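In what follows, a structure is listed as structure tokens, so that the remarks can point back to it.
These numbers were taken from a predicted model, which means no experiment stands behind them. Proteins get letters first, then strands, A, B, ... in listed order; numbering begins at 1 in each.
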2 protein chains.
Amino acid sequence: MSKHQKEMALLKEHLGKHQLKYTRQRELILDAFLKQEHITAEELYHQLARKDPHLGLATIYRTLNLFCEAGLAQARHFGTQTQYDNVSHKGHHDHLICTECGKIVEFENCDIERLQEEVAARNGFVIKTHRLELYGLCSRCQH
Amino acid sequence: MSKHQKEMALLKEHLGKHQLKYTRQRELILDAFLKQEHITAEELYHQLARKDPHLGLATIYRTLNLFCEAGLAQARHFGTQTQYDNVSHKGHHDHLICTECGKIVEFENCDIERLQEEVAARNGFVIKTHRLELYGLCSRCQH
DNA sequence: ACGCTAATTGAAATGGGTTATCAATTTCAA
DNA sequence: TTGAAATTGATAACCCATTTCAATTAGCGT
């Protein structure tokens with residue numbers, strides 16, 4: 001019995017509406033996907049290789065894109081790869097990055113998020129996710 | 001005589017520091033690049049094809065990456081392509097991005113920037129630049 | 001101005017991530 | 001259970017970007 005009842009129901013609802021089918025692979029991928037905050041197709045592929053060595057990479061990509069259409073995931077392009085964010089996992093954090101030593105500090109700021117919503121509303125947008133990165137020098141690298 | 005004295009000086013400073021050379025191609029690409037807010041390598045390639053049909057795409061990519069290292073440009077991955085933002089054009093410009101149709105709205109918000117400074121200070125950082133992207137649906141794509 | 005060395009270039013090959021193709025398999029409604 | 005339609009896995013194709021490499025060019029010292 002799965003621990004992800006709500007998400008599985010959402011997926012099945014989407015499948016039903018679009019004449020799509022509920023398969024063993026989609027269940028496997030959903031369970032693995034929901035355990036993380038965000039993941040790439042390749043990472044998921046390697047994780048699942050132990051459970052089912054015959055599960056193809058193409059199926060992972062197809063299924064992750066399906067999750068995006070169903071509203072369970074959101075694609076985010078980062079570097080050369082695509083990160084698939086787990087929408088049900090709300091703990092979003094932004095990053096402070098030191099351009100000198102590479103140190104990364106995670107933070108969360110409600111006030112910033114509220115202002116983001118205001119900016120979006122002013123432009124008729126509805127925000128699904130965001131990305132905020134502050135680049136600079138950490139205390140040790142300011143010499 | 002170029003209209004982009006400041007940026008050209010910045011580039012030459014970077015070149016000097018790294019034993020790189022100032023070439024006709026780099027000057028051509030810089031002039032064209034600075035005329036836009038953001039552009040892809042392919043677009044720049046086609047724009048410049050008229051001025052110099054022999055200018056290779058690889059050179060465009062190499063030069064845009066050079067601009068990023070020199071602080072004149074900033075790479076931003078959207079969809080399958082990379083957008084190169086003109087940093088000098090508007091200091092910091094942030095983006096509202098529609099994940100459905102790709103529409104991009106640029107904005108600036110002093111309050112957000114101030115809060116960013118506060119977060120940075122609290123963590124001992126001095127910010128040099130930042131990147132803020134809000135992903136969602138524009139008014140037309142919300143149904 | 002000349003020559004030398006190292007950086008740069010253009011063209012093409014290569015690379016990495018993602019999507020399309022297609023025959024075989026599986027789902028699910030009738 | 002049966003059959004039409006969707007899905008799968010393997011692989012080829014794609015696209016954007018980077019690397020390779022021989023030929024060219026910049027820029028220093030002379």
Side-chain angles (χ1 to χ4, degrees), chain A residues 8 11-30 32-33 38-70 73-85, chain B residues 8 11-30 32-33 38-70 73-85 99 102:
Chain A
M8 187 163 297
L11 176 60
K12 286 188 175 174
E13 185 188 336
H14 178 84
L15 296 177
K17 278 185 185 165
H18 296 79
Q19 304 162 191
L20 306 176
K21 295 172 178 176
Y22 189 71
T23 66
R24 186 180 59 79
Q25 289 90 338
R26 282 171 179 169
E27 178 170 0
L28 259 178
I29 295 170
L30 180 65
F33 172 71
H38 52 78
I39 194 169
T40 65
E42 296 268 355
E43 283 165 0
L44 206 44
Y45 176 64
H46 288 121
Q47 278 187 22
L48 287 169
R50 283 172 304 208
K51 293 198 172 185
D52 183 350
H54 294 295
L55 214 167
L57 187 53
T59 300
I60 306 270
Y61 276 108
R62 280 187 290 236
T63 306
L64 285 172
N65 288 334
L66 170 71
F67 290 172
C68 288
E69 284 154 24
Q74 234 237 314
R76 182 168 45 89
H77 302 279
F78 188 81
T80 62
Q81 295 202 126
T82 300
Q83 289 279 343
Y84 292 86
D85 293 344
Chain B
M8 189 165 295
L11 176 60
K12 286 188 177 175
E13 185 188 335
H14 179 84
L15 296 176
K17 277 185 185 167
H18 296 80
Q19 304 162 190
L20 305 176
K21 295 172 178 176
Y22 188 71
T23 66
R24 185 180 59 79
Q25 289 89 340
R26 281 171 181 169
E27 179 170 358
L28 260 177
I29 295 169
L30 180 65
F33 173 71
H38 50 79
I39 194 168
T40 65
E42 295 268 355
E43 284 165 359
L44 206 44
Y45 177 64
H46 289 118
Q47 279 188 20
L48 287 169
R50 285 172 301 211
K51 293 199 172 184
D52 183 350
H54 294 294
L55 213 167
L57 188 53
T59 301
I60 307 269
Y61 276 108
R62 281 189 288 236
T63 305
L64 285 172
N65 287 335
L66 170 71
F67 291 173
C68 288
E69 283 155 25
Q74 216 191 339
R76 181 169 46 86
H77 302 277
F78 181 72
T80 61
Q81 292 202 128
T82 301
Q83 289 279 343
Y84 291 86
D85 294 344
T99 54

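B:Leu57 comes within 4.0 angstrom of no nucleic acid atom, judged by non-hydrogen atoms across all strands.
Close to C:dT18, at under 4.0 Å from its OP1 or OP2, lies a side-chain N or O of A:Thr82. Between B:Arg26 and C:dT9 there is a side-chain N or O to OP1 or OP2 distance below 4.0 Å. For the OP1/OP2 pair of C:dT9 and a distance below 4.0 Å, the side-chain nitrogens and oxygens of B:Thr59 include no atom meeting the criterion. Phosphate contact (OP1/OP2 of C:dT26, side-chain N/O of A:Gln25, threshold under 4.0 Å): absent. Between B:Tyr61 and D:dA17 there is a side-chain polar atom (N or O) within less than 4.0 angstrom of OP1 or OP2.
Rounded to whole Å, the distance from NZ on B:Lys12 to C1' on D:dA26 is 13 Å. Between the CZ atom of A:Arg62 and the P atom of D:dT8 there is a distance of 6 Å, rounded to whole Å. Distance, B:Ile60 CD1 to C:dA11 C1': 14 Å, rounded to whole Å. Between A:Tyr45 atom OH and C:dT18 atom C1' the separation is 14 Å, expressed in whole Å. Between A:Glu27 atom CD and C:dT27 atom C1' there is a gap of 14 Å when expressed in whole angstrom units. If you measure from atom CD of A:Gln81 to atom P of D:dA17, you get 15 Å, rounded to the nearest angstrom. Rounded to whole Å, the distance from CZ on B:Arg24 to P on C:dA7 is 21 Å. Residue A:Leu66 contributes atom CG, which lies 15 Å from atom C1' of C:dT19 at whole-angstrom precision.
Nucleotide D:dT20 forms a pair with C:dA11, judged by Watson-Crick or G-U wobble geometry with both contacts under 3.5 Å.
Here the closest non-hydrogen pair linking A:Ala41 and A:Leu57 is O-CD1, 4.1 Å. In this structure, B:Cys68 and B:Ala75 approach most closely via the heavy-atom pair SG-N, 3.8 Å. Pairing each heavy atom of B:Leu64 with each of B:Leu44, the nearest pair is CD2-CD2, 3.9 Å.
Ranked by how close their nearest DNA chain D nucleotide is to the 5' end, B:Thr40 and B:Thr23 are led by B:Thr40. Across the interface with DNA chain C, nearest-nucleotide mapping of B:Pro53 and B:Gln19 shows B:Gln19 to be the residue nearer the 5′ end. Nearer the 5' end of DNA chain D, as judged by each residue's closest nucleotide, is the contact made by B:Glu42, out of B:Lys21 and B:Glu42.
Note: B:Phe33 and B:Phe67 meet the aromatic proximity criterion, with ring centroids under 6.0 Å apart.
Distance CD/B:Gln25 to NE2/B:His54: 11.5 Å, rounded to 0.5 Å.
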